[in-house]
Amino acid sequence: MPLFISLVERMSVVITLAFVLTRSRIFRKLLQEQATPYQKTLLIILFGLLGIFGSYTGIPVQDALANSRVMAPMVGGLFGGPLVGLFSGLIAGGHRYFLGGFTALACGVSTTVEGLLGGLIARIYPRRPLPWTVAFIAGFIAEGLQMLIILAMARPFTAAWSLVKIIAWPMMLVNATGIALAVIIIQNVLREEELAGAVQAQKALKIANKTLPYLRVGLNNVSARQTAMIIREITGFEAVAITAGDEILAHIGAGDDHHRPGQKVLTNATLQALATGKIQVAQAATEIGCHHRQCPLKAAVVVPLHSRGKVIGTLKLYHTRANAVGPLDLELAAGLGHLFSTQLELAEIDRQEQLVARAEIRALQSQINPHFLFNALNTIMSVCRLDPDKARQLLGYLGDFFRRNLQHPDRPITLATEIEHVRSYLAIEKARFGPRLEVTIEVDPNAANYLLPPFTLQPLVENAVKHGLLPRREGGRITITAREVGGQAHITVSDNGVGINLDKVNRLLTGEADKGNNVGLVNVNERLRLLYGPEAGLRLSSNPEGGTRVEFFLPRPGRVDVKEVVNCAV
């Protein structure tokens, strides 16, 4: 019992030392999974030294030592793997060998074997984290193995047997308990690290979710200010700032009396981040480098924001206390910088897509307008002498058509407004082709309130006129309908013309074939899919009466009130 109590005291010292080490950020980092060879080397040295410390705290018993030397290599193997356990055991065991005594060789060998055993258990045991009960059993068995090695190697055997009878049970129980306690302590530390990382990740995701609507429009004064306010509210930093290049877009919190939007950057750390494209950490006011004497900012993390491979600005997180930037702050800042850079990349992609869409619409308008204008003017000229009033009416339709064409293509309009645009176009075409062209428009009053992109119906109607009806000598009929069905507006444009090759058109709409001269049809399809999802694209089919039927659906959200409802025959 006296030996047992003494061993517990020594084991407590080793456990206390291990606990103190776990408070070290470097030690915690070394224990993370996927350690590098350099980190494993440091772990080997560290656990080997702890094993040597266990030998020095040993209790002399019959020219031998009862000690807690094996705890460190065993724990090193359980967390670092076989190599860490083996070589830390060699260090501690080699030291024990040179201390001498008739058990020197046996203790040196057993320490190495036990360290390797810990690593093998960690490698083959499937559960993570390793249960403390498994660690206790492993330590108990390992200490039992040490007793067998002493009996097998130490001479004389009678002295070895006498020693084992005294130290076996106390060392097996105490060291197994110490190994289990060390495993519990280290795993709690690692769990704290994981929990802290999870909290930081949750903060970053929450910030990303709240700032997404602002950053998707790009980096400007409004989006930067809203983003900085959200970050400060969630993280608790004393100040948050965002810059575009070397210009301050927003600064929220401490120091906002001299760090003002529109000014050039005042701090050296920000200029360094812009120049190098790397995160800058400042732990003192001198490292921040603000030229204002009364600046309260004492520590900062400056994260560069990237877009298309270039540094376009910075995100800055400030403390008003020196040396206040910790590893979690750095991790959060790096995560936010990556998320914001990604969001800004998406904003730029969206902007480029909108520019391309507008360019295609403008190209479509410029393609249609000259031909349509030339034909319309010829038609009006021929009507002038016979029916001046009708010619004047057609000029009104022509003016209305071109006025609507000049409207912004990125602003949604009501279906009723789009129908009026189509009516102006069809009135001129009907004057041109006379009885060969028949048009019927039927719009449900509820459907007339739905919103859609401008210049959506006209290309479909023109396609039906040019490619469906005009090739027929006798012409034909176009029918435009819009009804509210199941919370959606169902819109169709059908004709009884010569029909089209549906396989070819479907390949155009899916991008398998080049647009060629079909830019209007493809553009309408792509805009509908982009705005309302894949299910909102155009659907083409053959009309049972002959000809072609084109249909699409508009979702309910975004409805507005309009007074005019179209229900007429042109």
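Below, all heavy atoms of this structure are taken into account, side chains as well, without hydrogens, waters or symmetry copies. This structure is a prediction, so every number in the text was calculated from the model and none was measured.
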Closest heavy-atom pair, N323 versus A299, reported as atoms and distance to 0.1 Å, is N-CB, 4.2 Å
Is the shortest side-chain heavy-atom distance between L457 and I419 below 4.5 Å? yes
Testing the 3.5 Å rule here: is there a donor-acceptor pair between the side chains of Y450 and Q488? no
Minimal heavy-atom distance between V443 and A448, with the atoms involved, is CG1-CB, 3.9 Å
Does CD belonging to E474 count more than 12 external heavy atoms closer than 6.0 Å? yes
Kindly compute the distance separating CD1 (I441) from OG1 (T479), expressed to the nearest 0.5 Å. 10.0 Å
Using 30° and 60° as the class limits, which term best fits the ring planes of H319 and F237: parallel, tilted or perpendicular? tilted
Criterion side chain to side chain contact (heavy atoms under 4.5 Å, CB included) on V302 and I279, from CA distance to verdict: CA-CA 6 Å; V302 183; I279 297 176; over 6 Å; no
State, with a plain yes or no, whether a side-chain heavy atom of L315 is found less than 4.5 Å away from one of F340. yes
With a 4.5 Å cut-off on side-chain heavy atoms, are V240 and M229 touching? no
Can L305 and T314 be said to form a side chain to side chain contact (heavy atoms under 4.5 Å, CB included), step by step? CA-CA 5 Å; L305 302 177; T314 61; 5.6 Å; no
Short side-chain to backbone donor-acceptor contact, Q458 and H421, under 3.5 Å: no
Between R436 (side chain) and R472 (backbone), is there a donor-acceptor pair under 3.5 Å? yes
Nearest 0.5 angstrom please: R477 CZ to T440 OG1, how far? 6.5 Å
Donor-acceptor under 3.5 Å (Q263 side chain, R260 main chain): yes
Would a 4.5 Å heavy-atom cut-off, applied to side chains only, mark D329 and L317 as touching? no
Exercise: identify the closest heavy-atom pair between P261 and A250: CG-CA, 4.3 Å
What's the separation between atom CG in L540 and atom CD in E551, rounded to the nearest 0.5 Å? 9.0 Å
With side chain to side chain contact (heavy atoms under 4.5 Å, CB included) as the criterion, how do K210 and I234 come out once you've worked through the C-alpha distance, each side chain's angles and the decisive distance to 0.1 Å? CA-CA 10 Å; K210 287 193 171 185; I234 294 177; 4.2 Å; yes
A254 and A239 have their tightest heavy-atom pair at O-CB, 3.4 Å
Stepwise salt bridge (Lys or Arg N to Asp or Glu O under 4.0 Å) check, K430 with E438: CA-CA 8 Å; K430 187 168 176 56; E438 298 179 14; over 6 Å; no
Pairwise distance CG(L469) to CG(L437) - rounded to 0.5 angstrom: 6.5 Å
Does N449 offer a backbone N or O that forms a donor-acceptor pair with the side chain of T414 under 3.5 Å? no
Sorted by chain and residue number, the side-chain hydrogen bond (donor to acceptor under 3.5 Å, both in side chains) partners of T235 (sequence neighbours excluded) come out as none
Would you indicate whether the side-chain heavy atoms of L451 and L554 approach each other to under 4.5 Å? no
To the nearest 0.5 angstrom, please state how far the SG atom of C290 sits from the NE2 atom of H258. 3.5 Å
Min side-chain heavy-atom separation I491-F553 under 4.5 Å: no
So, using ring pair (Phe, Tyr, Trp, His ring centres under 6.0 Å) as the criterion, who are the partners of F552 when residues are at least two apart? none
Does the side chain of T270 come under 3.5 Å of the side chain of K316 through a donor N or O and an acceptor N or O? yes
Do I242 and T227 touch side chain to side chain, with heavy atoms closer than 4.5 Å? yes
List the residues meeting ring pair (Phe, Tyr, Trp, His ring centres under 6.0 Å) with H259, not counting sequence neighbours, and say none if there are none. H251
Exactly one of D495, V422, N496 clears side chain to side chain contact (heavy atoms under 4.5 Å, CB included) with I478, and that residue is D495
Tell me the salt bridge (Lys or Arg N to Asp or Glu O under 4.0 Å) pairs involving residues 224-239, sequence neighbours left out? none
Gap separating the CG atom of L336 from the NE2 atom of H338, nearest 0.5 angstrom: 11.5 Å
Least distance between heavy atoms, I207 atom then I231 atom: CG2-CG1, 3.7 Å
For the pair E418 (side chain) and T456 (backbone), establish whether a donor and an acceptor sit closer than 3.5 Å, ignoring hydrogens and angles. yes
For the NE2 atom on H306, are there more than 12 heavy atoms of other groups (residues, nucleotides or ligands in this structure) within a distance under 6.0 Å? yes
Test: salt bridge (Lys or Arg N to Asp or Glu O under 4.0 Å). Region: residues 242-259. Which pairs qualify, not counting sequence neighbours? D246-K264
Can you name the residues that form a side-chain hydrogen bond (donor to acceptor under 3.5 Å, both in side chains) with T481, not counting sequence neighbours? T492
Exam field: side chain N525 to backbone L538, donor-acceptor pair closer than 3.5 Å: yes
Closest contact, heavy atoms only, T548 versus G499: OG1-CA, 3.5 Å
Between Q283 (side chain only) and V325 (backbone N and O only), is there a donor and an acceptor less than 3.5 Å apart? yes
